[in-house]
Structures are given as structure tokens and as C-alpha cells.
Amino acid sequence: MPTAFKTQTDRPARKSDMNLFADFEIRIKNALETIDIVKEKRSEVDFGRVTVEPPRDQSHGDVATNAAMVLAKPLGTNPRALADVIAAALRNDPDVSEVSVAGPGFINIRLSTGYWQNVLSSMIKAGLSYGRSTMGEGKKANVEYVSANPTGPMHVGHCRGAVVGDALANLMDFAGYDVTKEYYINDAGSQIEVLARSAFLRYREALGETIGQIPEGLYPGDYLVPVGEALAAEYGSRLHNMPEDEWMPIVKDKSIEMMMGMIREDLDALNVHHDVFYSERTLHANGAQSIRQAINDLTFKGHVYKGTLPPPKGQLPEDWEDREQTLFRSTEVGDDMDRPLIKSDGSYTYFAADVAYFKDKYDRGYDEMIYVLGADHGGYVKRLEAVARAVSGGKAKLTVLLCQLVKLFRNGEPVKMSKRSGNFVTLREVVDEVGRDAVRFMMLYRKNSEPLDFDFAKVTEQSSDNPVFYVQYAHARCASIYRQAKEAFPDLDTDSLDLTAGIARISDPNEMQLVAKLAEYPRIIEAAAQAQEPHRLAFYLYDLARFFHAHYDKGRKTPELRFVKDNDRELTIARLGLVRAVASVLKSGLTITGTAAPEEMR
RNA sequence: GGUCCCAUAGCUCAGCAGGAUAGAGCGCAGGAUUCCUAAUCCUGAGGCCGAUGGUUCGAAUCCAUCUGGGAUCACCA
């Protein structure tokens with residue numbers, strides 16, 4: 001993950017009061033302050049490296065800290081000895097039932113049953129807002145993703161960025177950022193002219209002309225047929241009699257409008273919804289006022305000059321000419337090469353528009369700007385970072401998230417795609433075939449820096465192979481338990497019932513394990529949001545579902561552990577509270593990933 | 001050639017700002033259903049964390065070099 005403008009050391013304090021690890025981080029640091037040798041050398045030691053986390057193995061305890069190992073050296077003692085002292089201090093905490101020192105100096109803390117019951121109780125009370133954090137401090141964040149060219153339907157390659165960007169935005173929102181989901185429409189430039197010409201051909205077709213084969217260089221896809229028909233219906237043969245420079249803007253507008261309509265439908269099918277659609281054309285409007293202003297701004301700050309670029313390395317393009325042009329001195333702000341702002345025909349480069357676009361975002365007051373791009377745009381990262389530095393004077397926080405490419409397979413065979421021939425797999429086809437939830441979760445069930453093989457056969461035929469169903473099934477099971485409870489106790493009103501009243505009955509170690517897993521949720525949310533890695537949430541949900549399924553299954557062999565106890569109303573209610581907590585976290589997480597939390601699956 | 005990403009079990013991947021005996025799914029071998037949905041669970045086999053150096057109490061994790069794979073490389077968008 002690029003971290004160009006983040007200092008690694010300023011780690012925001014964890015703000016969720018429901019994050020018990022954050023809670024214990026404070027308690028442990030307080031305990032440290034009471035220790036004599038710490039007090040003696042207080043000014044020399046830094047608690048920054050002290051971490052508090054769940055132990056690798058639950059048998060070690062509930063909370064573990066490396067405090068002794070990190071602090072032993074600056075305090076001039078050895079880790080084990082220091083650990084013993086810290087452990088003694090921690091034993092004073094009434095919520096701590098056991099403290100042990102293990103391995104090289106780990107301090108393992110086991111929490112009292114009462115503490116866990118309180119945790120569970122607060123989870124139930126918080127419901128779907130459990131895990132919500134104020135870590136983002138309401139900072140304005142702009143997540144730009146998809147931004148597919150409006151020249152045709154979205155293809156499967158757009159899928160990953162769409163899902164990752166959308167989930168990340170949801171995640172950051174949940175973690176306390178003020179998030180805007182944004183789509184940059186590349187509706188200026190030569191590919192739009194090509195689009196308009198292609199649509200014009202379809203228009204002539206709609207008027208009854210035989211157009212034959214679509215000429216090389218135009219878009220051949222059928223999806224432009226409706227555009228031609230719409231133009232014919234609206235304008236009759238009038239456009240046909242106009243010179244190109246007259247029909248061109250009309251056809252452009254109509255084409256872009258209809259293509260964006262199509263793209264929005266595709267996005268909707270994937271459950272992706274943007275707040276802002278930002279048009280590149282607006283930057284070029286009024287004599288490219290925005291772009292000129294942006295360039296003026298850069299010029300004023302001394303980042304623009306006229307000069308020549310060295311010829312490209314490797315194979316020299318046919319039409320390469322060594323000429324003077326207007327350049328952005330991006331090398332001074334971290335780029336490998338200075339970048340042209342004005343083309344040989346006098347118009348602005350795509351990059352120039354991007355400078356203006358960034359400036360616009362910056363002026364709109366975003367603290368953080370995130371670009372979700374495909375790996376094929378990797379070469380663009382340094383350029384964007386350079387823009388951010390130059391425009392904001394180093395103040396803007398810009399992160400580029402690169403999604404590696406998705407390789408499509410069908411029964412183990414790679415699916416060939418050719419954009420030119422119009423022979424490509426559309427996003428819609430994939431969603432229709434394998435389902436929205438399966439697609440989304442699949443895209444999230446991988447680190448975004450890792451390439452992804454997407455096999456239709458694997459995702460559809462063996463649908464249970466897709467982790468989303470496993471997680472959804474866990475949620476459906478929770479609902480099923482409620483249905484079951486209603487059968488056992490027909491008068492039970494599970495909606496208005498206080499599920500926390502009998503919480504003291506939740507004490508079995510198996511149940512506590514489940515509560516402990518649930519208690520990790522706020523921490524996962526904060527860590528995933530901060531690292532901007534939504535896949536962590538997907539893995540957590542799978543993990544939680546696994547714990548739940550396992551616990552559920554214990555009830556088969558050990559009836560005492562079943563959630564619904566016909567002969568014990570109070571215990572059933574208490575356990576329904578636990579089930580409610582599981583269901584809430586599952587639903588909350590699934591919602592962030594943009595997938596459904598079904599009540600039943602059959 | 002430059003830049004960026006990746007390399008962990010037979011396969012697909014996690015590994016949480018360096019920590020304890022490196023995990024999961026699939027596949028493989030075996031087992032569980034008169035019982036809250038078996039779309040589930042349990043047990044087992046399976047690893048030189050690509051290679052070599054370095055940093056330190058401690059490295060799959062950080063640094064350097066190398067090997068192998070992917071992306072990208074003026075005026076396109």
C-alpha cells in the first residue's frame with residue numbers, strides 16, 4: 001500500500017470505546033505508570049511500540065501484550081523479569097482473572113466471566129452499531145473508484161475495483177470518516193468522438209440504411225443500437241443532413257448520457273452506488289477554465305516550464321518528435337519524468353485534466369483522497385502523488401490503491417477477451433451468472449495487491465465453495481434459532497424482550513470463546529479501515545462464521561449447549577442474546593461488504 | 001532497460017506495523033445426521049515461508065542483492 005503522505009509514526013488513537021483491546025491498551029499503560037523502574041526512567045521510555053492484541057492461540061488467554069519485551073531494553077532489565085512485575089500490577093484489575101507470563105516475555109491476560117458478560121451485554125444493546133468507530137474523527141474522505149470510460153458497458157475487469165472501492169468506502173464510513181463515493185467520468189477526449197461516430201452509424205442504421213460491417217476503429221458492440229434508435233426517434237432524419245460539427249455535440253451528449261445510464265444500471269446490479277459523478281467535460285468547459293486555472297496555479301508555484309523530454313526508452317514510436325512543450329516538473333515532487341500538459345494540437349492532455357480534477361477535490365476540502373485503480377494504471381501512481389504534492393504543497397493525503405488484475409476462467413480454461421471485437425465478458429453477465437453476493441465476496445476475499453483468478457465453474461457449480469454462502473448460512477442459522485425458540489415458547493416476544501437480563505447464564509467456556517471472537521470486531525473494523533484493506537473484514541466474517549458453526553454443532557452431541565432449551569426459558573433467552581450478537585455482527589459486516597444477510601437459505 | 005506488484009501446504013490464499021508450536025479453504029484419508037437447517041461439524045496426513053546476506057533479544061513479516069511470474073513505460077484516455 002502506497003503511503004506517500006502518511007507518516008508511519010502518527011498512529012491515530014483507537015477511538016471505539018467498544019474495542020476491548022484499546023480499552024486494555026489504556027489499562028496496561030496505566031499499570032505501567034505505577035511500576036517503579038518505569039517511573040524512574042519515564043522520560044526515556046516510549047510506550048508507542050506496546051501492542052495489545054488477541055493471542056495467537058485462545059488457550060493462551062484473552063488478551064496478550066508485548067510490553068515487557070519492548071520495554072526491557074530501554075529499562076535495562078530482562079523481559080521475563082519485567083513481565084513478572086507488570087503481571088503483578090495487572091492482577092489488581094478486578095476484570096482480570098488471571099495473568100501469566102509465557103515464551104520470551106508475553107503477558108497473557110485472562111478476563112473474568114463477568115467482564116465478558118458485560119461485553120456481550122453492550123454488544124446486544126449496541127445492535128447493528130456495535131463496532132462503529134469514531135477513529136476517522138469525521139474527516140472528509142473521497143474514495144474514487146470504477147471511473148470506467150462511458151464508451152460501453154462495464155466489463156468484468158472493472159468489477160474488482162468497483163467492489164473494493166465500494167466496500168472500502170463503506171468500511172471507512174463505519175470507522176468514522178465522512179466519506180464521499182465518487183466516479184470520474186472520462187467524457188472528454190478522442191474516445192468520445194469515436195463513440196459518437198459509432199452511435200451515428202447506428203443512427204443511420206435505425207433510419208433504415210444498411211451499414212454493413214462496422215468499420216475498423218469504431219465500437220462494434222450492439223449496445224449502441226439503442227442509442228441510434230433513440231436518436232432516430234428524437235431527431236428523425238435531421239441529424240443526417242447536418243455537417244459533422246453540428247451533429248457531433250448532439251450525438252456525444254446522447255451517447256454519454258445513455259452509456260452512463262447503462263453503467264449505472266450495471267453498478268446497481270453489483271450494489272455499487274456513488275454519491276458524485278464528476279464529469280471530465282466540466283473541466284474543459286468555458287474554454288477549459290478549470291484546467292487553465294490549475295495550470296496557472298502550478299505555474300505560480302513554480303512547477304511548470306517549457307522544455308523538451310528525452311525520447312522514450314526502448315522502442316521509439318514512429319511519430320516521435322523532439323519538440324518543446326509545456327511540462328509539469330513532476331520530477332521535483334517524486335515522479336520519474338516530467339509530464340506534458342499540452343498536446344501538440346494545443347489541447348490539454350488527459351493528465352492536465354487530472355491535475356485540475358485533483359485541485360477541485362482538494363478545494364472541496366477533502367482530508368483524504370483515495371484512488372482505486374487497476375494494476376494496469378500502476379505507472380500512473382507517482383504522477384498522481386506528484387500532483388497531490390505540488391497542488392497542496394504536501395498537505396494532501398492521497399493514496400492509490402492498486403487492484404491486481406482479474407483473470408477469468410471457465411472450467412479451468414482462460415476466457416479470452418478482446419475489446420476491439422466487442423467480444424468481452426461484461427460485468428452484467430458475471431453478476432447474472434454467479435450472483436451479486438458471490439461476485440462481491442469473491443472480490444473481497446483476497447488482498448487487493450494479489451492477482452485474482454475468477455473461475456465461473458468454481459463460483460457457481462460448487463456454490464458452497466464461495467465463502468459468502470458460508471457466512472450467510474451462519475446468519476440464516478441465527479434466524480432459524482429464533483424461529484425455533486418461538487416454537488418452543490410461543491408467547492416469547494423476541495423483538496421487545498430484554499436479551500441482556502439473563503446474561504449471567506452465559507458462562508460456558510465454549511460460549512465465551514464465541515463472545516471473544518465477537519469482541520474482535522471493533523478492532524478489525526479499525527485496523528481494516530486504517531490499513532485500507534477491506535479484505536480483512538471478509539476474512540474476519542468467515543472466521544466468525546466458523547466459530548459459530550462449530551459452536552452450533554457442539555449442541556448436536558452436547559444438548560446442554562443448544563441455544564434453545566425447551567425446559568429452561570431463562571437460559572434460552574440469555575442464549576438468544578448471544579445469537580442476536582452474532583447475527584448483528586454478521587449482518588453489520590455483510591452490509592459493509594455490500595452483500596445480503598438472508599434470514600434463511602434453502 | 002526503468003518503475004510498481006507478487007512468491008507461504010498438491011491447488012487457491014490468510015498471516016493483523018517484527019513475537020509464542022506458521023493458519024484456513026479446496027483436494028486427499030477417515031468419521032459425525034432418531035438431535036436448534038449436514039450449504040454444517042470433528043480427526044488425520046501434508047511447509048527449507050523463492051534464494052543469499054544484513055538489522056536484533058526475536059524475521060514469513062523490515063533492508064540489500066539475486067531468481068522467477070505479472071503490470072506498465074512521451075504526444076492515448
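Residue numbers start from 1 in every chain, and the chains themselves are labelled A, B, ... in the order their sequence lines are given, proteins ahead of strands.
Comparing the C1' positions of A29(B) and U67(B) gives an interatomic distance of 37 Å, to the nearest angstrom. Across the P atoms, A22(B) and C13(B) are found 23 Å apart, a figure rounded to whole Å. U56(B) and C63(B) are spaced 13 Å apart, taking the C1' atom of each and rounding to whole Å. Between G44(B) and G23(B), the two P atoms lie 13 Å apart (nearest whole Å). Nucleotides A7(B) and C75(B), compared at atom P, are 31 Å apart to the nearest Å. Between the P atoms of C62(B) and A14(B), the separation comes to 15 Å (whole Å). Using P as the reference atom, U8(B) and A51(B) are 10 Å apart when rounded to the nearest Å. Across G70(B) and C57(B), the matching P atoms stand 41 Å from one another, rounded to whole Å.
Pairing partner, C49(B): none, since no Watson-Crick or wobble contact has both distances short of 3.5 Å. Using N1 to N3 plus N6-O4 or O6-N4 for Watson-Crick, or N1-O2 and O6-N3 for G-U wobble, each under 3.5 Å, A77(B) pairs with nothing. A22(B): no Watson-Crick or G-U partner with both key distances under 3.5 Å is found in any strand.
Proximity of Arg556(A) to the phosphate of C42(B): no side-chain N or O atom is located under 4.0 Å from OP1 or OP2. For the pair Ser480(A) and C36(B), the criterion of a side-chain N or O lying under 4.0 Å from OP1 or OP2 is not met. Between Tyr473(A) and C41(B), a side-chain N or O to OP1/OP2 separation shorter than 4.0 Å is absent. OP1 or OP2 of A74(B) has not a single side-chain nitrogen or oxygen of Lys343(A) nearer than 4.0 Å. Not one side-chain nitrogen or oxygen of Arg49(A) sits closer than 4.0 Å to the OP1 or OP2 atom of G18(B). Under 4.0 angstrom from either OP1 or OP2 of U37(B) there lies no side-chain N or O belonging to Arg477(A). Put simply, Lys73(A) has a side-chain N or O that comes within less than 4.0 Å of OP1 or OP2 on C57(B).
With rounding to whole Å, Leu373(A) atom CG is found 14 Å from C5(B) atom P. Atom CG of Asn448(A) is separated from atom C1' of C6(B) by 12 Å (rounded to the nearest Å). Atom-to-atom, CG of Asp453(A) to C1' of C26(B) comes out at 14 Å; the value is rounded to the nearest Å. In this structure, the OH atom of Tyr380(A) is 13 Å from the P atom of A74(B), given to the nearest Å. Spacing between atom CG of Leu402(A) and atom P of A71(B) amounts to 14 Å, rounded to whole angstrom units. What separates CD of Glu385(A) from P of U3(B) is a distance of 15 Å, to the nearest Å.
One can find a donor-acceptor pair under 3.5 Å joining the base of A20(B) and the side-chain atoms of Asn108(A). With hydrogens and angles left out, the side chain of Arg523(A) and the base of C16(B) share a donor-acceptor pair within 3.5 Å.
With ring centers used as reference points, Tyr183(A) lies 6.0 Å or more from Tyr278(A).
Relative orientation of the His551(A) and Phe563(A) rings is perpendicular, given thresholds of 30° and 60° on the angle between their planes. Ring geometry for Phe454(A) versus Phe456(A): interplanar angle over 60°, hence perpendicular rather than tilted (30 to 60°).
Against the 90° criterion about 0, the sugar-base torsion of A38(B) places it in the anti range.
A salt bridge is absent between Lys565(A) and Glu560(A); no separation between the charged side-chain nitrogens and carboxylate oxygens falls under 4.0 Å.
Picking from A74(B), A38(B), C41(B) the nucleotide with the shortest atom distance to the side chain of Pro340(A) gives A74(B). Of the candidate nucleotides A60(B), A24(B), U40(B), U40(B) has the atom nearest to the side chain of Asp553(A). If you check A22(B), C13(B), U3(B) against the side chain of Glu450(A), the one that comes closest is C13(B).
Stacking between His535(A) and A14(B) is absent: the aromatic ring centre is not both under 5.5 angstrom from the base six-membered ring centre and within 30 degrees in plane angle.
A distance of 7.0 Å separates CD1 in Ile291(A) from CD in Glu280(A), rounded to the nearest 0.5 Å.
Phe351(A) does not carry Arg339(A) over the face of its six-membered ring by the limits of under 6.0 Å from the centre and within 45° of the normal.
Tyr350(A) places no side-chain N or O within 3.5 Å of a backbone atom of Ala188(A) that could act as its donor or acceptor partner.
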